[in-house]
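Within every chain, numbering begins at 1; the chains are lettered A, B, ... in the order of the sequence lines, protein sequences first and strands thereafter. All values below were derived from every heavy atom in this structure, side-chain atoms included, with hydrogens, water molecules and symmetry-related copies excluded.
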Amino acid sequence: MISPRRLQLLIVPFLLFLFAPAHAAQVQEFILDNGLKVLLLEDHKSPAVTFQVWYRVGGRDEKDGKSGLAHFLEHMLFKGTATTGPEEYSRIIAKNGGRSNAFTTSDMTVYFATMSRDKIHIQLDLEADRMANALLGDTYFEPEKKVIQEERRMRTDDNPGSALYEIAASVAYTIHPYRRPVVGWMEDIQSLTRQDLVDFYKLYYAPNNAVIVMIGDFNSDEMLSKIKAAYGKIPRGPEPPKLTLVEPSQRGEKRVTLKKEAELPILMLFHHAPNLHSPDSFALDLLSIVLAGGKSSRLYQELVYQKRLVRGIDADYSAVSKDATGFSISAQLLPGAQPANVEQQIDRSLDKVKAELVSERELQKAKNQVEAAFIFAQDSIFGQAMKLGYYEMVGGWRLVDSYLDNMRKVTREDLRRVAQKYLQRDNRTVGTLIPTKAKTQ
Amino acid sequence: MRKLLGLILFGFLAQVVPAQGAMVPKRSVLSNGLVLLTSEQRALPTVAIELLIDAGARHESAEHTGLAHLTSQLLTDGTAKRSALQISETLDFIGASLDTGCADDLATISLTILKKDLGVGLQLLAEILTGASFPPAEIDRQKQAIIASIKAKEEDPGTLAGDAFAAALLPGSAYGRPVEGTEASVKRLDRQRVQEFFKRYYRPNRTIMSVVGDVSEREISSALTEALKNWSKGEPSKAPTAPVQSDVAKILRVNKDLTQANIILGHGGVPRGHPDYYAIQVMNYILGGGGFSSRAMDAIRNERGLAYSVYSYFGTEKSYGTFQFVMQTKSESAQEAIHLAREEIRRMRDELVTDSELSDAKDYLTGSFPLRFDTNRKVAGFLGQVEYYELGLDYPDRYGELIRKVSRDDIQRVARAHLSPDKLLTVIVGNQQKITVK
């Protein structure tokens with residue numbers, strides 16, 4: 001499984017979602033009268049079905065001072081409805097041999113379960129109940145707030161890499177909500193009220209703001225009629241506000257440091273970059289692989305293998321994002337290495353891809369990795385559903401179909417051009433984690 | 001489900017259950033002693049291969065802790081025919097992955113590859129198994145990288161707690177030492193020791209190989225016989241012996257400037273082959289293994305908001321086992337959370353579980369089985385476990401009955417036999433000035 005339960009994905013596991021499922025052409029789309037979109041894909045490899053409800057709401061829809069609201073609501077939606085007791089949802093799914101979970105990102109909130117084909121109707125009904133009838137019970141509000149604060153401590157406050165990412169994002173964006181952590185700032189979580197949750201639920205949890213993604217061993221006609229029976233009676237909700245914040249262009253490098261208990265420095269270079277709606281996104285995907293996809297990649301060879309400056313190095317580009325996104329390079333340093341020196345070496349590598357064309361073989365290697373990953377990804381119905389849902393949330397699931405064709409057309413010149421255009425110093429934020437030691441030791 | 005794959009891989013190894021009728025595993029033994037398990041799956045043009053090799057850290061001395069791990073890390077860093085870069089270039093160009101790993105008992109090699117490239121993959125695998133070359137410069141690099149990762153581990157409070165727990169529970173045994181070694185022990189390792197270790201333990205008659213995907217048993221068996229014809233038998237495997245376990249209750253503290261206390265309460269457990277294994281799995285599901293359905297989750301998370309992650313598990317190895325109750329809570333709540341954990345452990349012994357707790361646990365364990373095989377990679381992992389733990393290829397058919405026959409009395413009996421509230425080791429990693437635990 002990709003996501004441990006009920007967690008917010010601060011950093012989406014990019015590669016998993018880069019590549020699309022192969023059979024998108026066989027996806028059937030339906031829209032019910034109340035606006036609920038349904039995507040069905042039959043896959044009879046094994047007798048299992050994954051059923052997922054995707055809501056078009058996440059951290060980006062919160063207001064300043066209310067960060068963490070979408071994620072808090074996700075937690076509270078396990079606290080029951082008029083007919084299902086608190087935490088009973090999870091128990092019912094487990095009792096029926098299923099595995100369920102949920103997660104929140106900046107762009108979306110997702111509830112899912114995978115069950116055997118003869119049991120999946122149970123979850124189908126429970127999710128309809130959750131969409132319309134959540135109680136958000138007062139009794140559970142304060143304990144759950146504490147749980148979320150513990151989650152934040154575990155995932156961010158006591159995790160040097162996450163803490164650096166959080167502070168770097170808060171500096172990289174000036175106005176766009178991607179500058180706020182999905183889990184929420186600790187003080188914001190503390191001040192959220194039950195009424196905040198109720199208002200948010202009323203505004204965003206409605207069939208016209210949701211998409212069902214269902215993949216597995218079922219008959220589409222039969223499932224569609226079950227979905228209509230369970231969801232068709234839920235009334236259309238208000239039209240959720242459309243957010244059109246555009247981050248202004250960055251004019252000059254930003255730098256941020258974080259000092260906390262750690263052993264090794266971390267360096268992160270975040271460059272603003274477009275999302276999948278830009279034709280440049282395909283070249284940026286491939287550029288990230290040329291730079292850091294596998295041990296034969298450029299940055300790995302130069303910084304990990306030859307210069308021996310860093311433990312590992314990543315280049316992450318998350319095109320599947322609702323608004324403009326980032327192209328980040330991050331590395332944890334070897335003992336004794338200096339962040340300034342590592343930065344200089346990375347810059348040299350980036351200068352090279354801006355000045356010279358990559359080799360034909362490097363480009364072909366990157367494309368082969370995409371093609372192979374595309375096929376491997378079809379092994380899992382859950383993974384396929386995740387990709388379909390992600391694309392649907394940020395731009396439409398049909399984009400999945402054209403992905404490989406567009407990727408295949410990318411040239412060496414495209415890679416050089418996008419490197420020049422986006423991997424500029426004036427367009428980046430440099431984050432550095434500086435380790436400190438506990439005074440009490 | 002919840003706290004992670006680690007839980008599933010570790011505690012639930014063998015619950016990884018059954019079978020679609022479609023798995024149809026086949027078992028054969030090649031002339032060099034390699035045990036081959038196959039499952040032909042034609043839906044996708046891919047193949048997943050997994051090797052379990054009796055070349056784990058239990059074979060190394062205390063002085064050379066980290067030798068087995070270093071050896072496994074170096075497998076893809078050079079052969080008689082290819083350099084490290086040539087190996088990674090070969091794999092990256094076809095989008096394949098070849099990963100190596102090492103634990104106390106077993107070393108592992110996993111290959112995920114497109115069917116059309118299977119020949120390339122098998123050739124590379126054969127070169128590694130028969131002629132990994134361990135170039136001195138690569139040994140130097142890996143040692144530096146491992147020493148850095150030992151430092152980085154200091155940043156992961158959960159791992160620190162786990163290491164401290166193992167060291168205290170299993171003193172004087174390889175099982176109590178960190179697989180990757182210590183900075184001092186890794187510095188002591190040299191090429192000659194690595195070569196000797198490799199030559200002695202990486203042998204076909206110490207290896208289980210699972211192959212799942214778009215290939216028949218006949219195809220793979222003849223391809224392997226040809227590719228591995230120079231891989232010759234070595235000394236046979238000997239079953240591991242059980243380490244001596246400490247049963248002294250005590251509190252161990254590791255000071256770190258953190259906001260949470262990372263806590264493990266635990267003691268020794270049972271090996272995988274213990275007759276109480278299945279009753280223990282059901283019992284632990286109710287106590288703390290059952291994700292959001294467990295008593296631990298209810299008492300510590302849902303009712304009081306003291307933790308985000310709380311779970312218990314029985315880790316069952318071939319020769320021994322452990323019980324661990326794991327949670328994180330803000331420093332100030334450590335005492336209360338530990339008190340509640342102890343209460344829940346006691347209650348498993350003192351009271352019979354309810355009928356509905358028992359039936360929910362059984363329904364989950366038996367009902368979720370097909371989901372555990374929903375990818376070729378998972379099937380390959382499962383087949384290797386079935387062979388290593390000698391469960392028999394009919395294990396998927398028997399599992400349901402093994403779970404269903406567990407009674408409420410059985411659960412109380414195994415709780416009394418295998419949970420010992422008075423012998424709990426308590427490990428607390430965190431800011432000790434703020435953590436007050438008696």
Novice: Measuring heavy-atom distances to chain B, does A:R311 have an atom under 4.5 Å in its side chain, in its backbone, in both, or in neither?
Specialist: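 The side chain, not the backbone.
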Novice: Less than 3.5 Å apart, any donor N or O on the side chain of A:R99 or B:S368 sitting next to an acceptor on the other?
Specialist: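 No - no donor-acceptor pair under 3.5 Å links their side chains.
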Novice: Mind checking ring pair (Phe, Tyr, Trp, His ring centres under 6.0 Å) for A:Y111 and listing every partner two or more places apart, or none if nothing turns up?
Specialist: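 With sequence neighbours excluded, A:Y111 shows a ring pair (Phe, Tyr, Trp, His ring centres under 6.0 Å) to A:Y55, given in chain and number order.
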Novice: If you count heavy-atom pairs under 4.5 Å between each of A:M115, A:R308, A:K146, A:E142 and chain B, which one has the most?
Specialist: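 Most heavy-atom pairs within the cutoff with chain B belong to A:R308.
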Novice: Side chain, backbone, both or neither: which part of A:Y305 has a non-hydrogen atom closer than 4.5 Å to chain B?
Specialist: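 Both backbone and side chain of A:Y305 come within 4.5 Å of chain B.
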Novice: Which of these, A:E88, A:E144, A:E74, sits in a salt bridge (Lys or Arg N to Asp or Glu O under 4.0 Å) with A:K79?
Specialist: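 With A:K79 as partner, A:E88, A:E144, A:E74 yield a single salt bridge (Lys or Arg N to Asp or Glu O under 4.0 Å), made by A:E144.
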Novice: Which bit of B:I113 comes within less than 4.5 Å of chain A, counting heavy atoms only: side chain, backbone, both or neither?
Specialist: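 Backbone of B:I113 only, per the 4.5 Å heavy-atom cut-off to chain A.
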Novice: Examine whether an atom of B:E303 lies under 4.5 Å from a heavy atom of chain A, and if so say whether it belongs to the side chain, the backbone or both; otherwise answer neither.
Specialist: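 Only the backbone of B:E303 comes within 4.5 Å of chain A.
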Novice: Contact part of A:R361 toward chain B, heavy-atom cut-off under 4.5 Å: side chain, backbone, both or neither?
Specialist: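 Its backbone and side chain both get close to chain B.
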Novice: For B:R304, is it the side chain, the backbone, both, or neither that has a heavy atom closer than 4.5 Å to a heavy atom of chain A?
Specialist: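 The backbone, not the side chain.
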Novice: Tell me every residue that passes side chain to side chain donor-acceptor pair (under 3.5 Å) with A:Q149, counting only those two or more places apart in sequence or in another chain.
Specialist: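 A:Q149 satisfies side chain to side chain donor-acceptor pair (under 3.5 Å) with A:Q190 only.
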Novice: Please classify the contact between A:E362 and chain B as side chain, backbone, both or neither, with a heavy-atom cut-off of under 4.5 Å.
Specialist: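 For A:E362, there is no contact with chain B at all, as no heavy atom is under 4.5 Å.
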Novice: Please flag which part of A:Q364 lies under 4.5 Å from any non-hydrogen atom of chain B: side chain, backbone, both or neither.
Specialist: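 Contact with chain B: backbone and side chain both.
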Novice: Between B:E89 and A:Q301, do the side chains contain a donor N or O and an acceptor N or O under 3.5 Å apart?
Specialist: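 There is no such pair (donor and acceptor under 3.5 Å, judged by atom type) between the side chains of A:Q301 and B:E89.
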Novice: Report yes or no: is the cationic atom of A:R91 (NZ for Lys, CZ for Arg) closer than 6.0 Å to the six-membered ring centre of B:F292, at no more than 45° off its axis?
Specialist: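 Cation-pi check for A:R91 and B:F292: fails.
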Novice: Using only heavy-atom distances, determine whether the side chains of A:E150 and B:Q260 contain a donor-acceptor pair under 3.5 Å.
Specialist: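 Short answer, yes.
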Novice: I need the residue from B:K153, B:K362, B:K151 with the largest number of non-hydrogen atom pairs under 4.5 Å to chain A.
Specialist: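 Looking at each of B:K153, B:K362, B:K151 in turn, B:K151 comes out on top.
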Novice: Kindly indicate whether a cation-pi arrangement holds for B:R372 with B:F382, taking the cut-offs as under 6.0 Å to the six-membered ring centre and within 45° of the axis.
Specialist: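 B:R372 over B:F382 ring: no.
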Novice: With a 4.5 angstrom heavy-atom cut-off, which part of B:L306 approaches chain A: side chain, backbone, both or neither?
Specialist: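 Backbone only.
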Novice: Which region of B:I94, side chain (C-beta onward) or backbone (N, CA, C, O), has a non-hydrogen atom less than 4.5 Å from a non-hydrogen atom of chain A, or is it both or neither?
Specialist: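 Just its backbone gets close to chain A.
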